[in-house]
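Start at 1 and go down the list; that is how both ligands and their atoms are numbered. When a residue number appears, it is its place in the shown sequence, counting from 1.
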Amino acid sequence: MKNASIILDRDYQLGRIDPRLYGSFIEHLGRAVYGGIYEPGHPAADKNGFRRDVIDLIRAIDVPVVRYPGGNFVSGFNWEDSVGPVSKRPKRLDLAWSTTETNEFGMHEFVKWCKEANTSPMYAINLGTRGVDAARNAVEYANHPGGSYWSDLRAKNGAKKPLGIKLWCLGNEMDGPWQMGHKTATEYGRIANEAGRVMKMIDPSIELVACGSSSSQMPTFGDWEMTMLNECYDTVDYVSLHRYYGNPTGDTPGFLARAMDLEDFIHTVISICDAVKGKKHSKKTLNLSFDEWNVWYHSNKQDREIWKRDRWGRALPILEDVYNFEDALLCGTILNTFLRNAGRVKIACLAQLVNVIAPIMTRNGGGAWAQTTYWPFLHASRYGRGVALNVISNSPAYDCSDYENVPLLDAAATLADDGSVTIFAVNRSLTDDLALTADLRSFGSLRPVEHILLHHDDVNAVNTEENPNNVSPTALEGDALDSGALTARLPALSWNVIRLAPAR
Ligand code: AHR
């Protein structure tokens with residue numbers, strides 16, 4: 001057993017947590033839409049073809065916003081293909097994922113599905129193969145009340161009232177050479193500014209996300225943000241960040257340290273935004289939209305085989321990572337990192353939501369189940385609301401492949417509006433439990449509600465349709481709270497959620 005301690009103070013607040021920190025992402029990719037959220041004829045499908053078993057799992061994790069329709073897919077997408085009578089919608093080749101898109105599920109269906117899933121749309125426009133004109137028409141179609149060509153067409157297509165899409169992404173990963181219509185930073189900054197300007201002329205209430213680098217590993221990272229924001233800073237409301245991690249060599253200590261990289265990435269982007277703000281003498285502070293994050297590597301080899309066999313197939317089972325226990329721990333540290341940066345990270349999207357690198361899996365015609373990563377997301381989304389607290393942490397540390405001085409304890413804490421305090425903590429140690437002491441004196445009288453634990457003896461343990469609860473939360477007894485000092489045991493390799501409420 002090793003010792004670790006934290007100090008929390010109700011006045012040391014990092015910022016209000018935007019509920020959209022618990023967003024996710026559905027792309028027209030693999031079985032995310034077809035066989036995921038939409039499967040007419042499935043025993044659990046409703047009259048719209050929406051799988052209610054999947055909706056139930058999504059509602060339980062309370063996802064306030066879902067990014068759609070891509071992703072790389074959006075850079076070759078004509079939004080007009082996805083509206084109007086389904087029988088008349090064209091089938092198109094999707095060059096991003098070498099599949100065929102039938103457009104059976106489109107803009108109206110997605111907005112309707114969002115209502116059923118208790119979420120809201122974050123809609124990406126195509127700034128790859130298309131541009132300003134298609135972007136302004138999409139906003140007019142979705143949000144203008146009526147009396148114009150596109151808004152009247154929407155009414156004719158069944159939605160008299162505006163679809164009310166309030167959050168828009170200006171393209172996707174436009175720095176990536178793999179992207180259809182890939183651009184230089186200046187080219188992208190100009191088109192994002194011009195598209196954004198006309199979109200806001202039609203509906204000034206919308207918010208816009210500009211594409212930051214597709215990863216902190218891109219050679220252009222940093223310069224891209226600086227150059228493109230120089231063009232579009234005044235028009236946009238957020239800059240995006242994307243990052244995926246993997247552990248192909250089975251290096252658990254190194255893998256579990258990746259939040260160190262994430263923290264650096266976030267701080268660098270904040271610095272660049274603020275440098276552009278200073279340069280422009282602007283009063284506006286730009287916030288961050290971390291709209292793609294996850295573990296992604298398990299399915300890479302399998303996907304290459306699928307594409308060899310079935311290029312241009314429909315709804316191919318690609319990017320179907322099966323997540324293990326250590327992936328759930330990493331996701332816990334990522335969520336903690338977002339909470340520690342909640343003052344500036346206002347939107348984050350777990351990429352993605354169903355089947356495609358997702359916390360929820362389905363079988364076509366069969367069941368739906370929660371992967372290991374579902375659980376930390378559920379806990380953070382349910383209990384990580386209100387304000388984020390500054391966690392003063394003292395922990396033993398270790399050195400690993402890419403980082404020195406990695407704390408064994410990774411912690412975040414929140415204060416909810418009802419006065420409840422929640423501590424989220426990962427113990428990264430492979431061998432040692434941590435005896436945690438938390439100084440909570442400033443909160444007055446609190447009572448422990450529960451200590452939720454996610455632990456498995458095997459870092460490679462997974463959940464399957466046959467064994468969906470193999471990695472799932474349990475209750476840990478034994479926490480004590482005495483005169484504002486909490487003591488709790490954090491088992492080696494564990495995700496912990498310690499919930500405290502005001503004493504009655
Ligand atoms: O989420 C999968 C893909 O990862 C997205 O389409 C793309 O934006 C990113 O590269």
If the cut-off is 4.0 Å to any non-hydrogen atom of [X], which atoms of ligand 1 fall inside it?
X	value
E27	5 (C), 6 (O)
N172	7 (C), 8 (O)
Y244	1 (O), 2 (C), 4 (O)
G71	5 (C), 6 (O), 8 (O)

_Taking ring pair (Phe, Tyr, Trp, His ring centres under 6.0 Å) as the definition, give me every residue that meets it alongside H455, ordered by chain and number, with sequence neighbours left out._
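Only F325 meet the ring pair (Phe, Tyr, Trp, His ring centres under 6.0 Å) criterion with H455.
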In terms of residue, atom name and distance, what is the protein heavy atom nearest to [atom]?
atom	result
atom 4 (O) of ligand 1	E292 OE1, 3.1 Å
atom 10 (O) of ligand 1	E173 OE1, 2.8 Å
atom 7 (C) of ligand 1	N72 OD1, 3.3 Å

*Give a yes or no on whether a salt bridge exists between R52 and D46, defined as a side-chain N under 4.0 angstrom from a carboxylate O.*
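Salt bridge present between R52 and D46.
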*asked:* When you measure from the centre of the six-membered ring of Y233, is the NZ or CZ of K284 closer than 6.0 Å and no more than 45° off the axis?
replied: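 Yes; both conditions hold, so K284 lies above the ring face of Y233.
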*Kindly indicate whether a cation-pi arrangement holds for R314 with Y34, taking the cut-offs as under 6.0 Å to the six-membered ring centre and within 45° of the axis.*
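Yes - R314 lies over the ring of Y34, closer than 6.0 Å to its centre and within 45° of its axis.
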*Is the closest side-chain donor-acceptor distance between T372 and N463 under 3.5 Å?*
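No pair is found: no donor N or O on one side chain lies under 3.5 Å from an acceptor on the other.
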*Which residues pass the side-chain hydrogen bond (donor to acceptor under 3.5 Å, both in side chains) test with E326, sequence neighbours left out?*
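Checked E326 against side-chain hydrogen bond (donor to acceptor under 3.5 Å, both in side chains); matches are N247, T252.
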_Return the OG to CG distance between S381 and L335, rounded to the nearest 0.5 Å._
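Spacing of OG (S381) from CG (L335) equals 9.0 Å.
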*asked:* So, regarding W97 and ligand 1 (criterion: nitrogen or oxygen to nitrogen or oxygen, under 3.5 Å), is there a contact or not?
replied: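 No.
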*What about W296: any of its N or O atoms under 3.5 Å from an N or O on ligand 1?*
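Between W296 and ligand 1, no N or O pair is found under 3.5 Å apart.
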*asked:* Heavy-atom distances under 4.0 Å decide this one: backbone, side chain, both or neither, for F73 against ligand 1?
replied: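 Looking at F73 and ligand 1, no heavy atom falls under 4.0 Å.
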*For ligand 1, does V356 get within less than 4.0 Å through its side chain, its backbone, both, or neither, judged by non-hydrogen atoms?*
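It is neither; nothing of V356 touches ligand 1.
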_Parallel, tilted or perpendicular: rings of F338 and F290 (30°, 60°)_ =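 Rings of F290 and F338: tilted, as their planes differ by 30° to 60°.
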